[in-house]
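Contents: one structure, followed by commentary.
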Amino acid sequence: DLVRARLVKILRQRGHRTFKEYYDQVLADKSGVELISLLDALSTNQTAFWREPGHFQYLSREILPGWRAGGKTVSRALWSAGCSSGEEPYTLAMVCLDSLSGMDLSRLKIYATDLNTQVLAQAEQGIYSASRLDPLPPEWRRRFFRQGVRQWEGFYRVKPEVRQLVEFFRFNLMDPFPFKGELDIIFCRNVMIYFEKDTQMKLVEKFYHSLKPGGYLFIGHSESLCNHQHRFIYVKPTIYRK
């Protein structure tokens with residue numbers, strides 16, 4: 001029913017009477033643009049700043065102090081896999097800026113990917129309504145966002161110091177990964193719940209190969225690796241280490 005409802009909107013926009021007509025259009029479009037539009041319509045993009053805060057607290061209290069002890073320059077790589085409209089990677093950036101204050105973060109990179117081009121465009125803009133910032137501490141809202149004026153009243157934009165840490169690009173998790181043993185942290189939360197078990201197992205193995213030894217995988221609180229064969233070390237619920 002969910003798929004049908006989302007596809008019906010596209011059929012109306014394209015002027016098709018049947019799903020078969022639209023199916024034929026997707027196959028006939030060799031540019032791939034229509035397929036991307038289809039995927040945009042079908043994907044779910046629920047997210048929020050400071051969502052599932054225990055993960056960010058663990059990052060700031062248990063992981064980042066070790067990075068601080070490693071020297072003045074922090075050379076690390078994080079990946080928000082399924083970043084939606086950007087709240088998760090921007091929260092990661094703010095946690096790093098807060099916990100690693102005074103450090104050289106010019107070599108810190110947060111990669112943020114999603115299948116949906118529409119939410120990626122929103123993420124790159126970094127503009128959010130005031131209500132979206134409610135989960136964040138008031139100090140962070142002042143420090144990391146610019147308040148809109150005139151026609152932008154009621155909206156906030158992520159400041160450049162936060163934005164420059166994040167690199168957004170479209171990526172399908174079913175494709176070969178661009179990372180090979182170079183990541184320190186992967187956040188892939190509330191994404192695998194949409195995949196069948198075999199796909200989940202393949203994805204977990206790909207995450208394992210993308211991490212450095214000692215790197216961390218964070219998954220959503222509605223997810224678990226308990227029923228999967230994997231090589232990760234269990235740290236605590238929804239947190240695993242290579």
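Note: hydrogens, waters and symmetry copies are ignored here, and every other heavy atom, side chains too, is used.
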Under a 4.0 Å threshold between the charged nitrogen and the carboxylate oxygen, would [Y] count as salt-bridged to [X]?
{"X": "Lys72", "Y": "Asp104", "value": "no"}
{"X": "Lys202", "Y": "Asp198", "value": "no"}
{"X": "Arg51", "Y": "Glu87", "value": "no"}

Starting from [Y], can I reach [X] by hopping between I/L/V/M/F/W/Y residues whose side chains sit under 4.5 Å apart?
{"X": "Leu97", "Y": "Leu92", "result": "yes"}
{"X": "Ile219", "Y": "Tyr111", "result": "yes"}
{"X": "Phe232", "Y": "Tyr216", "result": "no"}
{"X": "Val166", "Y": "Leu133", "result": "yes"}

Positive for salt bridge (Lys or Arg N to Asp or Glu O under 4.0 Å) with Asp184, one of Arg241, Arg76, Arg107
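Checked Arg241, Arg76, Arg107 against Asp184; only one passes salt bridge (Lys or Arg N to Asp or Glu O under 4.0 Å): Arg76.
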Euclidean distance, [Y] [atom2] relative to [X] [atom1], rounded to 0.5 Å:
{"X": "Arg170", "Y": "Cys83", "atom1": "CZ", "atom2": "SG", "answer": "12.0 Å"}
{"X": "Trp79", "Y": "Phe218", "atom1": "CH2", "atom2": "CZ", "answer": "15.5 Å"}
{"X": "Leu38", "Y": "Gln25", "atom1": "CG", "atom2": "CD", "answer": "10.5 Å"}

Classify the ring geometry of Phe187 against Phe56: parallel below 30°, tilted from 30° to 60°, perpendicular beyond 60°.
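Aromatic pair Phe187/Phe56 classed parallel.
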Test item: side-chain donor near acceptor, Asn190 and Ser222, under 3.5 Å
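Yes, a side-chain donor-acceptor pair sits under 3.5 Å.
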Just checking, any donor-acceptor pair under 3.5 angstrom between side chains of Tyr128 and Gln122?
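Note: Tyr128 and Gln122 side chains miss the donor-acceptor criterion.
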So do Ser210 and Ile186 actually touch side chain to side chain, heavy atoms under 4.5 Å?
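A side-chain contact under 4.5 Å exists here.
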Using side-chain heavy atoms (C-beta onward) and a distance below 4.5 Å, is Pro160 in contact with Arg146?
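Heavy-atom side-chain distance check passes, below 4.5 Å.
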Given His228, which partner from the list Gln200, Glu205, Lys197 fulfils the side chain to side chain donor-acceptor pair (under 3.5 Å) test?
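Of the listed options, the one satisfying the test is Gln200.
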With Trp140, which of Trp50, Tyr90, Phe49 fulfils ring-ring contact (aromatic ring centres under 6.0 Å, His included)?
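So, applying the ring-ring contact (aromatic ring centres under 6.0 Å, His included) to Trp140 and each of Trp50, Tyr90, Phe49, only Trp50 qualifies.
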List the steps, then state whether side-chain contact (heavy atoms from CB on, under 4.5 Å) holds for Met192 with Val204.
CA-CA 9 Å; Met192 290 190 290; Val204 169; 3.8 Å; yes
